[in-house]
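Below, all heavy atoms of this structure are taken into account, side chains as well, without hydrogens, waters or symmetry copies. Every chain is numbered from 1 and lettered A, B, ... according to where its sequence line falls, protein lines coming before strand lines.
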Amino acid sequence: MTSEGTGGLAWARWETEQLARLPDPVAEAVSGLAAESRRRWILRFRLGRPSPAAEVVRDWLLSEVAGPPRWVVPAMAWDHVVGPRAVLLSYPEAVGQDPLALAYLGWLGAGSGDQRQAVVERLGPLWGLCLYAAERGGGVEATGLESWLSAYRGALWEAGLGAVVRWAEMRAGRAFDFAVRWPEVPTAEAAALRRQLTFGIVPHRPGGEAAPDPVAVLWAWAGLPEAEQAQTAALCTKALEGWHLIGVWRRVAEMPAEEGSEWS
Amino acid sequence: MVLGEAELRARLAAPLEERLVVTPILDPDQIRGGSLDVRLGTEFIVLKRSPRGPIDPLQMGVDAPDSQERLRVAVGERMILHPNQLVLGAILEFIRVPDDLMAYVIGRSSWGRLGLIVATATMVSPGFRGSLTLELANLGDTPVFLYPGTRVAQLVFHTLHQPAPAYGQGEAKYSSPTGPEFSKLAFDRDWAVIRRLRRDPG
């Protein structure tokens, strides 16, 4: 047998063994890819586990978006694959603790226009900040920056985010193929939450309730100096996790017993 | 003096500097009588048998990657704790104890009767901020499933006669962790003395 033939057999055997170790929906999505892409995704799932922040952000942005479950894995780049029973999403491992950059998973995982519109409207003032943070990982599809800037330019300057305004003005990008109803900036809420972050605690409401809105938490966090952002990223992620858990917990707890027996 | 239910609720809503922070509270029923129930969090450090040798506190760094593996188990999923296995977990809640309070952690006897011991450091200092690390050990003969989100321990808060210097300032070792942390025994200043004694026993 030639060395090329031996190599081909070795690759095939390796792939078969690795695919058998992956969850069925993931293996199914990976199997249909071209060889190079298939091997890349196998390695990603073999070697990496998503950061808690990546899972929390995915749950926040994509748990109510229609379609198959989204599987997230660290890699060297943003990437996605749509399979029959799974959507596979990868993010640059270096941004695994940055909830704003990770919000780009919402855009990648949403798929169609309607779903992407919902994700963009949910992010609102965070949309351009998310692209700005995510672009450090390369390969970001910068979309809708002009529309976003026209809605939030003043608020961005007021929040000390002039660097992002200048970046967005320079960054050419195509327009959305849908109309966006940009929500208001949660300025007052964010001010109180930013004070909690600088106090070194998880943003919350008095009484132990979770912060009212992840957008307010992330807007508060985005307004901190970069060094403080690094120190408080975990507090921010914990606030998002709390917000998501309280919503799901109470929804399931209020279901009739037979429906409430399963977590969704 | 132990804080009762009404005082606990009042301190949870106090102005920020005096506030007792416990978040998220998934169910208001977590505060009852003189205690506050805390839940099992979603992040774990699984301690494994290492082929490379024992843990030597004298040589230990902040992490011991050879003998530990980080794991996340979402609420709604579960993990197995085998007999004689030790796993580090954390409470789901982030807490901040004001300078005039301290707390004791008490494992729930319902879990203890299944063999699960929540052998955490039982005192929470004034000024502590973070999610408490729990040392979960199965002392029974049967594997036990751990379900993140379940109530695993209680906090009982006490007032101090004089507010203490805040934990998290100066020489404090643990600063706002939001998940379990491996032992930081290596930071103890006594090791410098122990090292010298080992080199020069006389």
Side-chain angles (χ1 to χ4, degrees), chain A residues 48-56 58-59 63 69 72 96-97 99 191-212 217 228 231-254 260-264, chain B residues 8-31 36-39 41-44 69-78 90-98 127-131 147-149 166-169 172 175-180:
Chain A
R49 289 197 177 134
S51 67
E55 290 193 316
V56 166
R58 175 203 55 194
D59 292 348
S63 60
V72 179
Q97 310 304 324
L193 299 174
R194 187 173 297 132
R195 187 162 165 251
Q196 294 179 4
L197 281 169
T198 55
F199 195 58
I201 57 177
V202 169
H204 67 286
R205 280 184 287 184
E209 284 279 329
V217 173
E228 283 184 47
Q231 289 171 342
T232 55
L235 301 178
C236 210
T237 301
K238 190 77 184 167
L240 300 191
E241 181 191 45
W243 175 86
H244 178 71
L245 270 180
I246 280 189
V248 176
W249 187 276
R250 291 184 182 164
R251 195 171 68 241
V252 176
E254 286 165 12
S261 59
E262 283 191 17
W263 190 266
S264 60
Chain B
L8 279 172
R9 292 188 190 280
R11 290 304 298 261
L12 286 166
L16 193 58
E17 287 74 12
E18 302 151 30
R19 187 178 300 165
L20 166 64
V21 176
V22 182
T23 187
I25 293 183
L26 300 185
D27 184 347
D29 180 44
Q30 279 175 244
I31 307 162
L36 193 154
D37 291 348
V38 287
R39 300 173 184 274
T42 55
E43 291 181 50
F44 298 89
E69 180 186 358
R70 284 194 173 263
L71 194 66
R72 185 167 192 267
V73 182
V75 175
E77 296 175 3
R78 65 188 183 186
I91 62 170
L92 182 70
E93 298 81 3
F94 178 96
I95 69 174
R96 181 252 169 175
V97 182
F128 174 84
R129 298 167 193 204
S131 296
Y147 289 85
Y167 191 101
Q169 295 175 0
S175 179
S176 299
T178 56

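- Residues B:Leu16 and A:Ile201 have side chains in contact (heavy-atom distance under 4.5 Å, counting atoms from C-beta outward).
- Rounding to the nearest 0.5 Å places CD1 of A:Ile246 at 10.0 Å from CG of B:Asp27.
- Closest heavy-atom contact between B:Arg19 and A:Pro206: NH2-CG, 3.7 Å.
- Heavy-atom distances place both the backbone and the side chain of B:Leu92 under 4.5 Å from chain A.
- Nearest heavy-atom pair, A:Gly200 versus B:Ser176, reported as atom, atom and distance to 0.1 Å: O-OG, 3.5 Å.
- Under the 4.5 Å side-chain criterion, counting only non-hydrogen atoms from C-beta, B:Glu69 is in contact with A:Arg49.
- Most heavy-atom pairs under 4.5 Å with chain A, from the set B:Glu93, B:Arg9, B:Arg39: that is B:Arg39.
- At distances below 3.5 Å, at least one donor-acceptor pair connects side-chain atoms of A:Arg250 with backbone N or O atoms of B:Leu26.
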Verdict with reasoning, B:Thr42 to A:Glu241, per side-chain hydrogen bond (donor to acceptor under 3.5 Å, both in side chains): CA-CA 10 Å; B:Thr42 55; A:Glu241 181 191 45; 3.2 Å; yes
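- Counting heavy atoms from C-beta outward, B:Leu12 and A:His204 have side chains that stay 4.5 Å or more apart.
- Contact detail for B:Thr23 and A:Gly208: the closest heavy-atom pair is OG1-O, 3.0 Å.
- The two residues B:Glu17 and A:Phe199 have their closest heavy-atom pair at CA-CZ, 4.1 Å.
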A:Thr237 vs B:Thr178, side chain to side chain contact (heavy atoms under 4.5 Å, CB included): CA-CA, chis, key distance, verdict: CA-CA 9 Å; A:Thr237 301; B:Thr178 56; over 6 Å; no
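- Taking the side chain as every heavy atom from C-beta outward, B:Val21 and A:Val202 never approach each other to under 4.5 Å.
- When B:Gln30, B:Glu77, B:Arg11, B:Glu43 are compared by the number of non-hydrogen pairs under 4.5 Å with chain A, B:Glu43 comes out ahead.
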